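Note: hydrogens, waters and symmetry copies are ignored here, and every other heavy atom, side chains too, is used. In what follows, chains carry the letters A, B, and so on, assigned in the order in which the sequence lines appear, proteins first and then strands, with residues in each chain numbered from 1. These numbers were taken from a predicted model, which means no experiment stands behind them.
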Number of protein chains: 2
Amino acid sequence: MIDAVSRVRRFNRAVTSEVGALDSSFLGRGRPLGAARVLNAIGRGLADVGELRADLALDSGLASRLLRGLEEEGLVETRPHPDDARRRVARLTPAGEREYRAYESLSDAQAEAILARHPDRAALLAAMDLIASALGRDRIALEEADPRGAAARWCLGEYYAELGRRFERGFDVALSCDPQADDMVRPRGTFLVAMSDGLPVGCAGLKGGGGAVAEVKRLWVAPAARGLGLAKRLMAAVESAARSLGIEVLRLDTNGRALPEALALYRRSGWVEIDRFNDDPYPDAFFEKRL
Amino acid sequence: MIDAVSRVRRFNRAVTSEVGALDSSFLGRGRPLGAARVLNAIGRGLADVGELRADLALDSGLASRLLRGLEEEGLVETRPHPDDARRRVARLTPAGEREYRAYESLSDAQAEAILARHPDRAALLAAMDLIASALGRDRIALEEADPRGAAARWCLGEYYAELGRRFERGFDVALSCDPQADDMVRPRGTFLVAMSDGLPVGCAGLKGGGGAVAEVKRLWVAPAARGLGLAKRLMAAVESAARSLGIEVLRLDTNGRALPEALALYRRSGWVEIDRFNDDPYPDAFFEKRL
DNA sequence: ATGATTGTCTGACTTTAGTCAGATAAATTT
DNA sequence: AAATTTATCTGACTAAAGTCAGACAATCAT
């Protein structure tokens, strides 16, 4: 009874009795689950009725009836799609918007309640992130993002914090050559963030200078998402972005002592070790790859 | 969108879409969810119809009908309770037993599938244990157990492994004075295991010698269940068991360098530091408590 | 012994979810 | 222009879940 399978099933029971209740925040506002799910889907931005039906796996008849119910309640409006009058688009009325937000804050409150009664919030969140990333691994998408945006800044903050823990003497961004954000925005470069259902779980930057040589910077994967092959995917995406920008040679620096996984990744994916090409105090290994 | 509440909600979505599916192993055998749940509950040992109804939160009418359905299928038998003929007890027929086991192995297979597609099994299991223990913290029960039984042996194995990691030179049970199992069984002593929905998450032993002095040994809490106040509960339970056995003085030894949390716990819960009372090589601190 | 309480059952409901065979109208293909 | 396909809707169903008022017998309290 203490084998791995029993432990997964125990987790499952714990979660469906507690979190199942959390999800039932869909209830509690006097509306059946089906209608609440449709309202929620529209609130999340699933305007197109077909999309909505696919997302919620609803029969066309049922979907149509649920929509009409919400329309009669005055929460939703539908109109034909401007480009194709067979399709219909739904959106929330102001009253629907209010109702949607009411459901949202119910969910938030229940999530808060779970957190509040646990002493070690950080450990609980880390475990939740790990499980959510593991279960949703096939749905982790790489997106180009502004390096000054919220998702990128969160990743960079976590990255710097981790370097601080890994380097014996800590890490100070000011001492390292921090790439200017403009150099990581098209057309000079780019910045990629791996998103797992809304949570950033990894990033990589391509810092260009306008020429044929560019640098890969800030490769990071959240602890919760390690082991899923994300670093490899991020590097592949950076390379293909570099090609599309006309870059011919990629370079990067790293610290092999503090970040051995990174070193191993570069070595096994076609990077060649070269001489030091900057005087940044942190790195001790330098690589190049011709595209 | 990266705050704690969003992370809990993301976890929740991941889990209800994946594990929700896991739990729907209740389906897939041509029986509606309600009937499958009742069959499962009886299989788990909820014999009393009232208990069963409370556990599944069923209306009495509905419960009665579902039971009758299962009876007609030949899977369940009910009879009046021997002590109180108003109550009814249900149990599985041999066919019901087979059907129950078929559901169980479906669930097992689905749990296995989740594990199988994740690279870092140990990390995933650790995260699941942590969440299950945190959500089920109010349902962690302390039980007296045979120190040679499965639950106790699992705890002791984890305990020794952890000591091995914490002591600079590792830990070898043979070098330490390993209490004889008989000394941790009533009437000489006892052994307590903390169980969280079937998983042992902590233990403590009371090693008596027949006299008025006994020793507390093997206090351990699983990493997944730390921060929930379990060590304190275990110690309190050991003390009250000791009182019931007529013990007047409790002693224990520990290693303050490798196990600082334990030291702090003893100091703040009425234990007094005393001189070394054995020549075990591992401990460096010795305590006593008069009951 | 009587009345109240308890545990379960029955029958008559309602609501929700889900299915399916057309109907309708707009777009696409031929 | 006619035929086909597509996106949604309608109406007529069924199955499952859940509710409620009483019925009934056993037990408990006084």
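In this structure, a donor-acceptor pair under 3.5 Å is absent between the side chains of Arg98(B) and Thr93(B). Side-chain contact, Thr78(A) with Arg68(A): no donor N or O sits under 3.5 Å from an acceptor N or O. No hydrogens or angles considered: a donor-acceptor pair under 3.5 Å links the side chains of Ser6(A) and Asp3(A). Under 3.5 Å, the side chains of Arg10(A) and Ser133(B) contain a donor-acceptor pair of N or O atoms.
Between Asp129(A) and Arg7(B) there is a salt bridge, since a side-chain N of the basic residue sits under 4.0 Å from a carboxylate O of the acidic one.
Each end of the helix from dA1(C)-dT30(D) to dT30(C)-dA1(D) yields a helix axis from five base pairs, and these two axes differ in direction by 20° (to the nearest 10 degrees).
Taking atom NE2 on His81(A) and atom P on dA7(D), their separation rounds to 12 Å, with Å as the unit. Taking atom CZ on Arg37(B) and atom C1' on dG18(D), their separation rounds to 12 Å, with Å as the unit. Atom pair Leu33(A):CG and dG18(D):C1' shows a separation of 15 Å (rounding to whole Å applied). When rounded to the nearest whole Å, the span between CG of Asp83(A) and P of dT8(D) equals 14 Å. When the P atom of dC9(D) is taken as reference, atom CG of Leu58(A) falls 12 Å away, rounded to whole Å.
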Can you give me every donor-acceptor pair (side chain of residues 43-57 of chain A, partner residue at least two apart or in another chain, under 3.5 Å) with its distance?
{"residue": "Arg44(A)", "atom": "NH1", "partner": "Asn40(A)", "partner atom": "OD1", "Å": "2.9"}
{"residue": "Arg44(A)", "atom": "NH2", "partner": "Asp55(A)", "partner atom": "OD2", "Å": "3.1"}
{"residue": "Asp48(A)", "atom": "OD1", "partner": "Gly50(A)", "partner atom": "N", "Å": "3.3"}
{"residue": "Asp48(A)", "atom": "OD2", "partner": "Arg87(A)", "partner atom": "NE", "Å": "3.3"}
{"residue": "Asp48(A)", "atom": "OD2", "partner": "Arg87(A)", "partner atom": "NH2", "Å": "3.0"}

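Rounded to the nearest 0.5 angstrom, Leu135(B) CG and Arg13(A) CZ are separated by 13.0 Å.
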Scoring nucleotides 6-13 of chain C by protein non-hydrogen atoms under 4.0 Å (B base, S sugar-phosphate only, - none) yields BSSBBBB-

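Judged purely by atom type and a 3.5 angstrom limit, Arg233(B) uses its side chain to pair as donor or acceptor with the backbone of Ile140(B).
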